[in-house]
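Just so we're on the same page: letters track the sequence lines, and every chain starts at 1.
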Amino acid sequence: MWIIDSICQDQQNAFDYLHQLGEMEKEAESAVDEELNRWIHKKEELIEKKETLLCSKQNIWSDIHVEEAREDIHELKSAVEFLQSLKLGFQKQVKLSDFTGRTVAIDASCWIHKALAVSISQSGNRQRLADIFRKYLLIVKRAAMTIYIVFDGLLLPAKASEVEQRQSDREERLRKADNASLSSKEANKFRSQAASITFDDISTCIDICLEENVRYVMSPYEADAQITFLLNNGYADMVITEDSDLLAYGCKEVIMKLCLSGEGQHLLLDDILDGLKLNFQQFQNMCIVAGCDYLHNVRGIGIRGAYKIISSGDDMFSTLENKGAPNNYKDHFHETKAVFSHQTVFDVNTLKTVPLHMWESNTSTKTKHLCGKYPLYTLACYVCPCGCRMGVLEVTCNSTPNDSVEDMSPKTNGQEEIKIHIINVEEQPFSYNIPSFPVMSVDLLKVQYTWNGVTHLGVINAKEHSALKVGNYTCTSHCKINIGGVDYLVLWELHCDMATSCSAPIDPPGFNSVFNDEGETNVREVQETHCLPFKVLGTCYSTSRQKALEMAFDCMNEYNRPVFVKLKAEPTNQHDKNAIAVHIMTIDDWDKVGYIASELTKYLHEPLKANALDVTVNEVRFRTTFMLVGYYLTIDITKMGLWDDTVIKASSKVK
DNA sequence: CACTAGTGATACCA
DNA sequence: CCTCGTCACTAGTG
């Protein structure tokens with residue numbers, strides 16, 4: 001604008017100026033060009049860098065097999081769905097009590113994750129984690145099963161993109177949670193989705209295992225491989241887990257989807273193999289061909305495609321190449337197979353890390369590295385099978401698999417009994433942080449003891465043996481430990497040779513005799529009755545209802561004490577004059593926990609008035625699906641004569 | 001038609 | 001600083 005003005009006022013000057021401007025523009029242009037070139041160059045650099053990164057990402061897949069195996073889970077779930085669709089009937093609904101006396105290995109991570117999600121969605125913090133974890137533990141204990149809890153091991157460096165993706169997902173959810181327009185309840189739900197397991201959480205759960213005298217194993221890498229090892233070597237008979245990938249590892253007997261009522265789905269690998277007419281190797285191949293992360297499935301090959309290829313008996317690699325598999329597919333396939341077969345696990349007997357299955361002699365060193373000999377050292381914790389105390393063992397692995405753990409393995413078997421004489425106990429405990437695992441720390445006391453006439457240095461758990469005196473002891477659980485370059489023997493479990501006091505576990509309060517009989521007598525005397533389950537709605541409406549139901553759950557499952565139910569019409573209910581509320585009594589008071597579905601109330605009013613209904617608890621169920629977390633109640637309503645078909649239909653339709 | 005890949009919605013009563 | 005969802009449905013493909 002101003003230039004037009006000046007043209008009008010002084011043409012010559014203006015033209016000069018325009019000329020100048022033109023020169024300036026030229027300069028500017030070349031400057032822009034330069035800048036542009038710089039950026040183009042930079043872009044090329046970045047692309048190059050990105051390619052290098054991508055390349056190295058492929059090369060270091062050994063480090064990330066934990067992440068990748070996670071992908072398998074997804075695919076294998078569809079494998080199970082597929083099996084279901086074949087209607088093989090391999091899956092049976094069972095109760096845990098059917099397995100009394102068996103030894104079970106449990107994948108702890110699914111419980112922790114579930115419990116954490118519940119805790120945060122309910123209260124916004126992690127406080128209830130311990131509570132819920134213990135509940136799960138107790139239902140297995142109550143079935144009188146021997147337990148091995150298996151925790152996931154050290155985290156390996158994960159794929160950068162994967163981690164970023166997950167991180168951003170989590171941040172997105174947290175951002176949603178901070179949205180002010182949401183109620184605190186909704187916000188907590190978003191937070192629960194963003195929650196991730198921390199070392200503290202694991203520590204909490206380990207403490208619970210110790211308190212409950214439950215053996216646990218810290219797996220060097222994946223819990224799944226560790227569990228498979230326990231099963232293959234007879235340390236456990238069966239598995240409890242949420243994931244079906246245990247089947248692909250070769251676990252024979254799996255219980256999935258265990259809920260707090262003690263019910264779950266029971267799977268036998270042999271049934272599945274029979275049904276599919278495959279041997280185990282073929283089954284495992286099928287699972288891999290159907291796709292996992294670092295060995296992505298060939299586009300267009302899903303679970304059925306994989307099944308067809310495997311069951312046809314043709315050479316699967318040529319078939320897959322025809323379908324567009326990349327050249328290196330075969331190599332990657334074998335590497336995947338190795339991770340499934342030879343992943344490093346912890347041998348609870350020899351206290352060494354070993355491959356899940358022995359290596360074939362001609363396996364390349366490179367492939368061996370892929371299965372978890374990589375870290376310089378790892379750690380395994382266990383509770384000795386004879387006693388109840390924890391043993392800790394530091395296992396150092398060399399980076400070359402061949403001379404893996406020979407030097408560092410303890411000379412003594414941790415379960416072998418030794419008779420010792422303690423001659424000196426230091427007064428001041430010191431805290432020992434277990435290397436590479438930040439949360440595990442124990443307070444130890446240094447002691448001197450003689451064994452076979454030779455004096456040794458040892459340590460004892462300060463908490464457990466605070467009042468330990470000099471004298472003769474039998475040690476039933478011990479392991480070697482190295483502190484500041486000095487070897488000590490950790491004496492986990494000590495029995496004084498003179499005293500034989502043994503504190504029995506405390507039984508839950510015995511309500512049984514008082515209540516057990518009367519609840520059932522009424523039902524039995526009535527003949528020609530018909531019992532129908534009714535779902536109770538609105539149980540998650542308020543925390544008071546949830547609290548009452550939680551109490552009911554504990555009464556039924558922990559104390560074997562009956563819970564009484566009654567129906568109560570609410571003619572004064574503002575929304576529906578026909579409303580029928582459901583009340584339960586646990587200890588001494590009636591609590592309203594929900595309502596009968598509105599479409600069913602009309603069938604109940606008359607017999608209710610006539611006092612002709614008998615109402616009992618069918619089940620209290622704890623559910624943890626997305627956005628739906630809490631205790632749900634189903635009641636049985638029994639009446640004289642048969643329920644009408646319309647009622648049966650309507651009742652089954654509810655929710 | 002059989003199968004796969006991708007997407008979106010999911011919850012709380014009377 | 002820190003681990004995992006699932007179902008039902010649809011559009012697309014060979």
Between [atom2] of [N] and [atom1] of [X], the distance in whole Å:
| X | N | atom1 | atom2 | result |
| --- | --- | --- | --- | --- |
| Gln546(A) | dC12(B) | CD | P | 11 Å |
| Ile301(A) | dA5(B) | CD1 | P | 9 Å |
| Leu129(A) | dC2(C) | CG | P | 19 Å |
| Lys535(A) | dA14(B) | NZ | C1' | 18 Å |
| Lys568(A) | dA14(B) | NZ | C1' | 14 Å |
| Lys308(A) | dA2(B) | NZ | C1' | 7 Å |
| Gln574(A) | dA14(B) | CD | C1' | 10 Å |
| Lys114(A) | dT6(C) | NZ | C1' | 13 Å |

When we call it a touch if two heavy atoms are under 4.0 Å apart, what does [X] touch: a base, just sugar-phosphate, or nothing?
| X | answer |
| --- | --- |
| Gly594(A) | nothing |
| Thr539(A) | nothing |
| Arg545(A) | base |

Between the side-chain atoms of Asn573(A) and the base atoms of dA14(B), is any donor-acceptor pair under 3.5 Å?
->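 Such a pair is found, so the answer is yes.
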Do any side-chain nitrogens or oxygens of [X] fall under 4.0 Å of OP1 or OP2 in [N]?
| X | N | result |
| --- | --- | --- |
| Arg304(A) | dG14(C) | no |
| Asn297(A) | dA5(B) | yes |
| Tyr632(A) | dC12(B) | yes |
| Ser598(A) | dA14(B) | yes |

For the [atom1] atoms, the ones on [N] and on [M], what distance do you get once it is rounded to whole angstrom?
| N | M | atom1 | answer |
| --- | --- | --- | --- |
| dT6(C) | dT10(B) | C1' | 9 Å |
| dG5(C) | dA9(B) | C1' | 13 Å |
| dA14(B) | dC4(C) | P | 36 Å |
| dC12(B) | dA8(C) | C1' | 22 Å |

Between [options], which nucleotide gets closest to the side-chain atoms of [X]?
| X | options | value |
| --- | --- | --- |
| Arg299(A) | dC4(C), dA14(B), dG6(B) | dG6(B) |
| Lys257(A) | dC7(C), dG6(B), dA14(B) | dC7(C) |
| Ile303(A) | dT4(B), dC3(B), dA14(B) | dT4(B) |
| Tyr595(A) | dA14(B), dC4(C), dG6(B) | dA14(B) |

Partners passing side chain to side chain contact (heavy atoms under 4.5 Å, CB included) against Asn327(A) (at least two apart in sequence or in another chain) |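 Side chain to side chain contact (heavy atoms under 4.5 Å, CB included) list for Asn327(A), sorted by chain: empty.
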Going by atom types alone, do Glu253(A) and His266(A) pair a side-chain donor with an acceptor below 3.5 Å?
->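 Side chains of Glu253(A) and His266(A): pair found under 3.5 Å.
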What is the ring orientation for Tyr631(A) with Phe553(A), classed by angle as parallel under 30°, tilted 30 to 60°, or perpendicular over 60°?
->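 Tilted, since the angle between the ring planes falls between 30° and 60°.
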Taking NZ, NE, NH1 and NH2 as the nitrogens, is one of them in Lys639(A) or Asp614(A) under 4.0 Å from a carboxylate oxygen of the other?
->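 Looking at Lys639(A) and Asp614(A), the cut-off is not met.
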Output yes when Lys330(A) and Glu335(A) qualify as a salt bridge under the 4.0 Å nitrogen-oxygen rule, no when they do not.
->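 Result for this pair is no, no salt bridge flagged.
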If you look at every heavy atom in Leu269(A) and Phe283(A), which pair is closest and at what distance?
->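 Heavy-atom minimum between the residues: CD1-CE2, 4.0 Å.
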